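These figures come from a predicted structure and were not determined experimentally.
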Protein chains: 2
Amino acid sequence: MQDSLTIGELSVRSGVAPSALRYYERLGLIRADRTGGNQRRYARAELRRVAFIRISQQVGVSLDEIRAALDSLPEARTPSPQDWARLSASWRGRLDERIRLLTRLRDDLDGCIGCGCLSLQRCALNNPEDTLAGEGPGARLVLPRPAEDATLT
Amino acid sequence: MQDSLTIGELSVRSGVAPSALRYYERLGLIRADRTGGNQRRYARAELRRVAFIRISQQVGVSLDEIRAALDSLPEARTPSPQDWARLSASWRGRLDERIRLLTRLRDDLDGCIGCGCLSLQRCALNNPEDTLAGEGPGARLVLPRPAEDATLT
DNA sequence: CCTTGAGTTGAAGTGCACTTCAACTCACAG
DNA sequence: CTGTGAGTTGAAGTGCACTTCAACTCAAGG
């Protein structure tokens with residue numbers, strides 16, 4: 001078993017397209033050595049980094065934040081299981097929060113389905129402390145909260 | 001109390017920016033009458049449509065699908081509570097699925113945090129039946145599954 | 001040596017959900 | 001009548017996470 005992977009191999013093993021892997025490299029999320037012929041060769045440890053990236057994305061973390069998290073790994077040595085455990089644990093709150101939000105939305109929706117009121121002002125929508133929206137222009141993944149005095153009828 | 005809202009009023013009441021409301025209108029998600037001076041006037045019922053749109057987005061539904069759902073509402077009359085209940089209920093499965101996915105990810109992450117293995121091949125990632133990814137180019141919100149034989153080490 | 005599949009690059013394109021802008025008009029208080 | 005703030009339009013821009021493309025080179029088998 002070789003100790004390095006081609007981009008094609010890493011792609012198959014990680015389930016991430018080669019183009020995405022190159023993209024991750026440009027963003028500084030993963031790294032690769034080069035052969036004499038300028039081809040990428042990935043250390044096996046990169047497989048774990050890619051796994052971490054995909055998991056983090058499922059949690060809802062942006063590539064930029066993932067990069068920051070990965071930057072906190074020790075550079076000198078190959079990250080230990082504890083290192084990975086620490087990083088994974090750092091998303092735990094985010095994950096809990098998302099699950100909590102979605103669960104409440106479900107419960108509220110159930111309540112509203114009963115009466116068809118869709119009056120989620122008192123339900124899912126009007127919960128300022130729950131919104132985690134970013135600032136500035138561009139697409140927003142999380143929704144900004146509605147006005148405090150909003151009513152539906 | 002007037003029976004129609006300006007775009008500014010609807011914006012404040014719904015918590016959605018005027019630019020977004022115009023965008024929704026272009027996509028056919030909401031509609032507005034016009035005054036003599038060509039300004040939009042929204043019927044109060046539109047407030048409920050906007051609420052439905054925002055809720056649906058939180059569930060993870062695209063605007064295109066939301067439009068399709070809204071198109072299924074009766075055109076002749078103002079939608080009844082039961083109409084809204086039916087639409088809301090139609091997202092229920094999606095919401096459950098998302099919650100289930102996220103919850104399993106959390107559990108798996110907990111397991112992996114214990115050992116730092118991040119070997120989510122047997123955990124969160126390698127679950128083909130869970131992926132709901134779309135096809136074609138462009139950004140993907142849901143992640144494609146990795147190869148079946150993928151291992152991490 | 002030749003072919004073939006895999007890899008390389010930078011630039012441009014894609015899908016989504018909006019926002020921003022410029023140049024204009026409308027509604028209404030004083 | 002005149003500001004002023006709210007509204008109008010189409011076109012272009014934005015952020016994110018990639019993908020696609022063209023034109024090229026590399027690696028390995030026959």
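Across the protein-nucleic acid pair, A/Leu63 atom CG and D/dT19 atom P stand 11 Å apart, rounded to whole Å. Counting to the nearest Å, the P atom of C/dC16 and the CD1 atom of B/Ile66 are 12 Å from each other. Between B/Leu10 atom CG and D/dA6 atom P there is a gap of 16 Å when expressed in whole angstrom units. The interatomic distance linking A/Asp64 (CG) with D/dA17 (P) rounds to 8 Å, in whole Å. As a whole-Å value, the separation of A/Leu27 CG from D/dC16 P is 10 Å. At whole-Å resolution of the value, CZ in A/Arg26 and P in C/dA12 are 13 Å apart.
Sequence order on DNA chain D of the closest nucleotides to A/Gly36 and A/Tyr23 puts A/Tyr23 first from the 5' end.
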Please list each protein N or O that sits under 3.5 Å from an N or O in nucleotides 5-8 of chain C, with the distance.
{"unit_1": "C/dG7", "atom_1": "OP1", "unit_2": "A/Thr6", "atom_2": "OG1", "d": "3.0"}
{"unit_1": "C/dG7", "atom_1": "OP1", "unit_2": "A/Gly8", "atom_2": "N", "d": "2.8"}
{"unit_1": "C/dT8", "atom_1": "OP1", "unit_2": "A/Arg40", "atom_2": "N", "d": "2.5"}
{"unit_1": "C/dT8", "atom_1": "OP1", "unit_2": "A/Arg40", "atom_2": "NH1", "d": "3.1"}
{"unit_1": "C/dT8", "atom_1": "OP2", "unit_2": "A/Arg22", "atom_2": "NE", "d": "3.4"}
{"unit_1": "C/dT8", "atom_1": "OP2", "unit_2": "A/Arg22", "atom_2": "NH2", "d": "3.4"}
{"unit_1": "C/dT8", "atom_1": "OP2", "unit_2": "A/Arg40", "atom_2": "NH1", "d": "3.2"}
{"unit_1": "C/dT8", "atom_1": "O5'", "unit_2": "A/Arg40", "atom_2": "NH1", "d": "3.4"}
{"unit_1": "C/dT8", "atom_1": "O3'", "unit_2": "A/Arg34", "atom_2": "NH1", "d": "3.3"}

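Applying the 4.0 Å criterion to OP1 and OP2 of C/dC26, one finds that B/Thr35 has every side-chain N and O outside that range.
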Counting only pairs under 3.5 Å, give me each side-chain donor-acceptor contact of residues 20-32 of chain A, with atom names and distances, residues two or more places apart or in other chains.
{"unit_1": "A/Tyr24", "atom_1": "OH", "unit_2": "A/Arg54", "atom_2": "NH1", "d": "2.4"}
{"unit_1": "A/Glu25", "atom_1": "OE1", "unit_2": "A/Arg40", "atom_2": "NE", "d": "2.6"}
{"unit_1": "A/Arg31", "atom_1": "NH2", "unit_2": "A/Asp33", "atom_2": "OD1", "d": "2.7"}

Donor-acceptor pairs under 3.5 angstrom involving side-chain atoms of residues 68-76 of chain A: please list them, not counting sequence neighbours.
{"unit_1": "A/Asp71", "atom_1": "OD2", "unit_2": "A/Arg67", "atom_2": "NH1", "d": "2.9"}
{"unit_1": "A/Ser72", "atom_1": "OG", "unit_2": "A/Ala69", "atom_2": "O", "d": "2.6"}

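Using a cutoff of 4.0 Å between basic side-chain nitrogens and carboxylate oxygens, B/Arg106 and A/Asp96 are scored as salt-bridged.
The two residues B/Ser4 and B/Arg41 come nearest to each other via the heavy atoms OG-CD, 3.8 Å.
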